There are 2 protein chains.
Amino acid sequence: MLRTKRIAGRFGLFSRKAWQYPRAMPCATITSALHTSSMTEDHIATLKVRRDRMMQQLHDTCQWGQGERWGSAVIDTGMKRLALTDADKAVRDWFVEEAKSLGCNVTVDEMGNIFAVRPGTNPDLPPIYAGSHLDTQPTGGRYDGILGVMAGLEGLRVLQENDIQTDHPIGLVNWTSEEGARFPITMISSGVWAGVVPLEKAYASQDVGGSGSTVRSELERIGYLGPRPATPEATPMAAHFELHIEQGPILENNQQKIGVVNGAQAYKWFTVVVKGRAAHTGTTPMDARGDALLVAARMINHSNVVANNSGALASTGILTLQPGSVNVIPSHVRFSLDIRSKSDAIVTEVEQKLKRDFAAIAQGRDVEGCTPPSAGTLPMEVTWATDYHSPAVHFDQGCINAVRTSAAGVLGSSELFRDMTSGAGHDSVNTSKHVPTAMIFVPSKGGISHHPEEWTSDEDCALGAAVLLQAMLRYDRGHNSK
Amino acid sequence: MLRTKRIAGRFGLFSRKAWQYPRAMPCATITSALHTSSMTEDHIATLKVRRDRMMQQLHDTCQWGQGERWGSAVIDTGMKRLALTDADKAVRDWFVEEAKSLGCNVTVDEMGNIFAVRPGTNPDLPPIYAGSHLDTQPTGGRYDGILGVMAGLEGLRVLQENDIQTDHPIGLVNWTSEEGARFPITMISSGVWAGVVPLEKAYASQDVGGSGSTVRSELERIGYLGPRPATPEATPMAAHFELHIEQGPILENNQQKIGVVNGAQAYKWFTVVVKGRAAHTGTTPMDARGDALLVAARMINHSNVVANNSGALASTGILTLQPGSVNVIPSHVRFSLDIRSKSDAIVTEVEQKLKRDFAAIAQGRDVEGCTPPSAGTLPMEVTWATDYHSPAVHFDQGCINAVRTSAAGVLGSSELFRDMTSGAGHDSVNTSKHVPTAMIFVPSKGGISHHPEEWTSDEDCALGAAVLLQAMLRYDRGHNSK
């Protein structure tokens, strides 16, 4: 109960409805109508969001999908807002109404992506979008995705209440089912938009809960199967900016506030299978074993050493074995291997070295950097299968510069932000295939995400939202038609 | 098909029934009625069994429970004779008839253990027993257990046809459900006899196949729930000898024929749980992880090193992890640890060292003999639970001597046999708690058992059976009442 109080205390009492908050109040130092083309750098740098309003709205709208209680430690901030559920429909309905009330035109495409657009002054220009997602993991938190959408709305609110005009329209997109938690394709709807996921494959994706529902049937059921094709032609963008939590500990550990995200890591997923020989644990001497688990353990440890030496990441998240009895030496071990680096070349280098070294380990040969086996080992077979490959993504330099300049303007000191590469996939990885894109990271407490304890301070959320807004305005100013 | 032919070819055509073989023919050099007390060492040393007859009977009776075909490689010697099934009943019925035809009295106790006893000349002495089991693993072979019973029958046959009289009665026991494969308590019925498994617990043990059958209901169903208590008082023994396959590679690797088994290893089973922290594999730097699987992998490798340095065995046969996703670092890993040595003190020493070292590994501290982590690690929690403890068993010196002398007599050269410790549990471990006991091992090809490829040459089976017979006669001679 202490824990409940401590965490709930961060957010106040959730008693007022979001729409009861005033909207028309002036914000920061902007006091009269302005066009971005006539705003000075100083004007833009002082443009902030209203922290308490944004955060109150974030928490209020988390009434839809508020997570189940989490074990004995009750954590009120847990979220379970799986894509295209009733909870998702409720927050979408709220989002549509809220965007309309801010003067936006709202359209929905055939993947249920919702595009809210505040008109610009130049009818020939496509919108500059902020975008992220309102769906969560089944045991998720309140920041992953949600913050990016709420910050976009707050930016639209600030533009409206300060009567700021932009050359490009300013848009906000809620991408459908980014998490891949209910329908097991991550970034599925930005993927369809970008042409990397076929529409029919996306539509056919089934609820992992076994209900038999598909993306298409659930889009229809909740009324979000829109008429517009999910393509860059039907919904063009001038640029896409995404504010997101880091989901890692780098900013926190370096006491920094903003990550200027210049791209996304390359990653490659493998399944490695080791075949040894089942034998009785009591009757088989150590030097007469084909212990597939012992060899797999040495491989996992070695992958960690090799990746670390190359500045890459290597991780095993799944491991299964056969036959699985206390007194039988495992004959078969199957494990996943996830290799990542911001450089495609380094991923390839680590992969190739590990393929050579695993083969040697399976044969009981000495491998540099790997403790030799304490006893001999029977030669074993090791096979690799490549399950997924996502090459490195490099965001647009113009968008990155807009974010970096905005971070400098908001934070004042270059020690408080850093360039970084996203370790995870995001909808921005898909948009970057077609339009100039960049991302903004804010710190994740303890690096935790996809967990009810996911948390980012109100201050950091507001700083990130200000950088998002300023970056969009700077991009507009830098790419207008004049 | 090549494989089928090669293996089937070892055994001939299986065309004649076991009971069609002649029994009254004289064997070896013994040509007239003799009492063991008046037999010379030379007499005993020349007493052999009839190899072809014994092996033909072994294979013929494997018609009951002949294994299913094994994948694409058809192996005709696979066995699936689960305890108390119809196949087990069939071989039991044959066993009872065969023993009676050899002049034995046959009784069945409340665990279905079948005792066949050939009378001795001294009515005050309890029988010297050979014993083993006729049940198999679901994918077992034809030698584990079965050989011991068949060799005992062949010994009785040799005694009968050579009209050899013994002071003690000579018995043969088929212990019910040694494997623990269908009812998951190994050595269950010798365990009840020895008082280490309560009768009610044994009776209540349920078919792992989910049929709902229990040991008791199946004993009743097949007609083998006997009236006699399963106790040493109700069924006394002067000694218990068991011929068994080694189930390991030591004899084969040393080109030896007989293992003089002086006891059974101590072993202790543990469940080790490592608790780290789930995190995204893409966003979490290597030095900010609480990777429970990486730490478990280092522990498993280290347990191998430590055990090997102490001449002990350490094995992990089961490992499970959570949450189990390619891109999530495992937060929880649970693995089994099986530590064995012929010395109780060494098991304890390895256990204590590993408890200290695992704690250090979980904290990321350096441990001698264990590669340090390539990057830092978050401190993790490690807990141990003891699941099972079987202290070292030391067989009876008199029985061991009888086996060793017989091995020397049968083999001629001390280079062809060795003293050894059983790595696995056997019914003899239970009998040794009450009566003088020893075991005889014969080589297992490739160390393989509990598998259709389990195989021991006819020659080695016959050598083992001769040692069994001679050891019983020597024990009789050495422990008669004169």
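Bear in mind that the values here come from a model prediction, so they are computed numbers and not experimental data. Residue numbering restarts at 1 for every chain, and letters A, B, ... go by the order of the sequence lines.
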query: How far does CG of N327(B) sit from CG of D338(A), to the nearest 0.5 angstrom?
result: 6.5 Å
- prompt: CG of N301(A) to CZ of R298(B): how many Å apart, nearest 0.5 Å?
  reply: 5.5 Å
Winner by heavy-atom pair count (cut-off under 4.5 Å) against chain B, out of S336(A), A288(A), P249(A), G447(A): P249(A)
- prompt: Which bit of A312(B) is near chain A, if near means a heavy-atom gap under 4.5 Å: side chain, backbone, both or neither?
  reply: backbone
task: Considering only heavy atoms and a distance below 4.5 Å, find which of S303(B), A314(B), A264(B) pairs most often with chain A.
output: A314(B)
query: Measuring heavy-atom distances to chain A, does A424(B) have an atom under 4.5 Å in its side chain, in its backbone, in both, or in neither?
result: both
- request: Heavy-atom pairs under 4.5 Å with chain B are the metric here; pick the option from T284(A), N304(A), V328(A) that has the most.
  value: N304(A)
Contact winner vs chain A - T316(B), D287(B), I329(B), heavy-atom pairs under 4.5 Å: T316(B)
- prompt: Considering only heavy atoms, which portion of S449(A) lies under 4.5 Å from any heavy atom of chain B: side chain, backbone, both, or neither?
  reply: neither
- request: Determine the option with the most heavy-atom pairs under 4.5 angstrom with chain B, choosing from L337(A), L294(A), L293(A), V305(A).
  value: L294(A)
Max heavy-atom pair count under 4.5 Å with chain A, selected residue of L321(B), V306(B), T271(B), N309(B): L321(B)
- prompt: At what distance, to the nearest 0.5 angstrom, does CZ of R340(A) lie from OG1 of T281(B)?
  reply: 3.5 Å
message: Quick one: does any side-chain atom of T283(A) pair with a main-chain N or O of Q247(B) as donor and acceptor, under 3.5 Å?
response: yes
field: Region of I300(A) that comes under 4.5 Å of a non-hydrogen atom in chain B
entry: both
